[in-house]
Amino acid sequence: MNTTTSPAAAAGAPVDAALPKVRVDYLPLLLVPVMALVMLPLVGSFPTWVTLTFAGLAMGMMIFIMASGLTLIFGLMDVLNFGHGAFVSVGAFTATFVLLPMKGWMEADSALMNLAVVGLAILLAMLVTGLLGWAFERIIIRPVYGLHLKQILITMGGMIVAEQLIHVIWGAEQIPLPLPETFRGAFILGDAAVEKYRLIAVAVGLTVFLTMFLVLNRTKVGLLIRAGVENGEMVEALGYRIRRLFVGVFMAGSALAGLGGVMWGLYKETLTAAIGGETTVLVFIVIIIGGLGSVGGCFIGALLVALTANYAGFLAPKVALVSDILLMVAVLLWRPRGLYPVAKR
Amino acid sequence: MSEILLKLEGVHTHIGQYHILQGVDLEVPKGGLTVLLGRNGAGKTTTLRTIMGMWHASRGKVSFAGDDITAAATPDISCAGIAYVPESMGIFSDLTVRENLYLAARAGEMDTARLEWIFGFFPALKKFWNFPAGNLSGGQKQMVAIARAIVEPRRLLLIDEPTKGLAPAIIQGMITAFRELKETETILLVEQNFNFVCSLGDTVAVMDGGRIVHAGMMADLAADQELQQKLLGLSLHVHQ
Ligand SMILES: Nc1ncnc2c1ncn2[C@@H]1O[C@H](COP(=O)(O)OP(=O)(O)O)[C@@H](O)[C@H]1O
Ligand SMILES: [Mg+2]
């Protein structure tokens, strides 16, 4: 790393001789394929392994969609939002406003009609959760900037209020949420069955990931977010309002949680108000594994968590409940600040 | 005497319960380079942070180009035309050199002619243009930090101990750059080492214990061994 630094010397030095090595940390990228390959002999049957792996990837993508906003929310403003799950539930329940009345379109044997109704439901869910995020940030988060204990208490409180409101608006009964007709069933690849909806979930998850990647790397707003995660004070010193950036990230993160909620609800095909609390635990494990503030780490973490849950559920159902905690412990023993620790000032 | 660009009057700053700045009076004339000297812990960084609105003065007044900026928010102070190079450099290590500079260019696109002017000072930046800034050496990071401050014309540059931790050869390059920069820019430069700046500064202020204990022309201080001994004696780093 000791490259020429005095301007005079640098000017004369051969260009490539002095180039610093770009250190890209590839190791975490290997974790997902390595885990999948190691599990193949343990699972024994190839078709079962394909099914489990796909189930894990699909679940991982949905968790990633829910978690990606939360990791940036923490990274940017050091805000611990334990109420993030509220957006997951509100998103899922809001979708029922479209999905239930438009039952006919859901049951129609037309991919186009199915897509239209699900798309509309998702749009509405994201709109509502995005706006709710805006209000949540104003009313609940803003008074407790920098105060972690209060953040935990008040955002958990917000979560409880949201759950109760859901009971009030939608009732305490669980709501059946059957998949639309053409999303059902599985593709058969040889002996292995891959459920269609899981493929859809993977496709949506990858789309969200790629979009986030492009925004964070190719746009000024994205660069500002990444810069702000590392050193928000310096972003302000360059003339940008970090709070405005944060509100935007908070709204986008909430809307993504809403999207994740709709997808999760359809995956389970039933809705209960507990959906938020249920996913919150997974989401927090994921962002801790990934490294708080890192979207890439969050993506890998989500896949690892979901794959672990699926493999463990098959191989050792008794361990399945704690498997993700064990995974987190293992990752933190290896890298105490997560897979991709974010450099902080 | 030229016009005063930045003025601090009786500025007190508290950090939590600590009373750090205890009535700072400081004037930075427009054009040229003002050096803020003082030993470790004197309050130099706190002074710059107070100017930038990163700490807020509990008493006193900070004015910039005639406007009261005492209570202004950091982004507004930045947009008023003050650029800041913090002691820790504040590099975005995940971002490339280009991206670091790009974010500092509020107008949107960077001016190519101006970039060439900057590369004239710091050729290394051109070479490492698309490298993550976190991979650069300490001296190169400092160049990024300074380049970021001048990527667009600003009215005042606050630069906090740019020579800290750098090798002597690099420091010389840095000082050469400042000598050229001060022809066009107004600079308030914090430094602990008198020897580096005695021929560079136009005006000088010396800080101790959260106050300015001396202010005047650099040439006068440079000529007065006795005064130097009195003000800086204990803290003067002698680099041969
Ligand atoms: N964040 C902080 N919290 C508490 N005390 C601080 C903080 N920052 C600086 N100080 C104290 O303020 C005094 C002045 O610090 P500083 O302005 O950094 O000095 P200088 O830059 O001249 O070395 C020191 O005694 C330092 O310990
Ligand atoms: Mg300092």
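Protein chains get the first letters and strands the later ones, always in sequence-line order, with residue 1 at the start of each.
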Shortest non-hydrogen contact between B/S78 and A/G239, atoms and distance
OG-N, 3.2 Å

Does any backbone or side-chain atom of B/R49 lie under 4.5 Å from a heavy atom of chain A? Answer side chain, backbone, both or neither.
side chain

Distance (rounded to the nearest 0.5 Å) between A/L238 CG and B/Y102 OH:
13.0 Å

Is A/F213 atom CZ crowded by more than 12 heavy atoms from other residues, nucleotides or ligands, each under 6.0 Å away?
no

Does anything in residues 219-241 of chain A form a ring-ring contact (aromatic ring centres under 6.0 Å, His included)? List the pairs, not counting sequence neighbours.
none

Which heavy atom of B/S93 sits nearest a heavy atom of A/E230, and at what distance?
OG-OE2, 2.7 Å

Distance alone, cut at 3.5 Å: any donor-acceptor contact between the side chains of B/T74 and A/E233?
no

For a quick test of reading the model, state the closest non-hydrogen atom pair linking A/M234 to B/Y84 and the distance between them.
CE-O, 3.4 Å

If contact means a heavy atom pair closer than 4.5 Å, which residues of residues 216-223 of chain A contact chain B?
A/N217, A/K220, A/L223

Using non-hydrogen atoms only, which part of B/A105 is less than 4.5 Å away from chain A: side chain, backbone, both, or neither?
backbone

Does CZ belonging to B/R179 count more than 12 external heavy atoms closer than 6.0 Å?
yes

Can you tell me how far apart CE (B/M54) and CD (A/E236) are? Round to the nearest 0.5 Å.
7.5 Å

If you apply the rule side-chain contact (heavy atoms from CB on, under 4.5 Å), what do you find for A/R241 with B/D76, and how did you get there?
CA-CA 9 Å; A/R241 281 170 203 289; B/D76 296 328; 2.4 Å; yes

In this structure, CD of B/E99 is separated from CZ of A/R226 (nearest 0.5 Å) by 5.5 Å

Taking B/I82, B/L95, B/I77 one by one, which has the highest count of heavy-atom pairs under 4.5 Å against chain A?
B/L95

Under 4.5 Å from any heavy atom of chain A - which part of B/I91
backbone

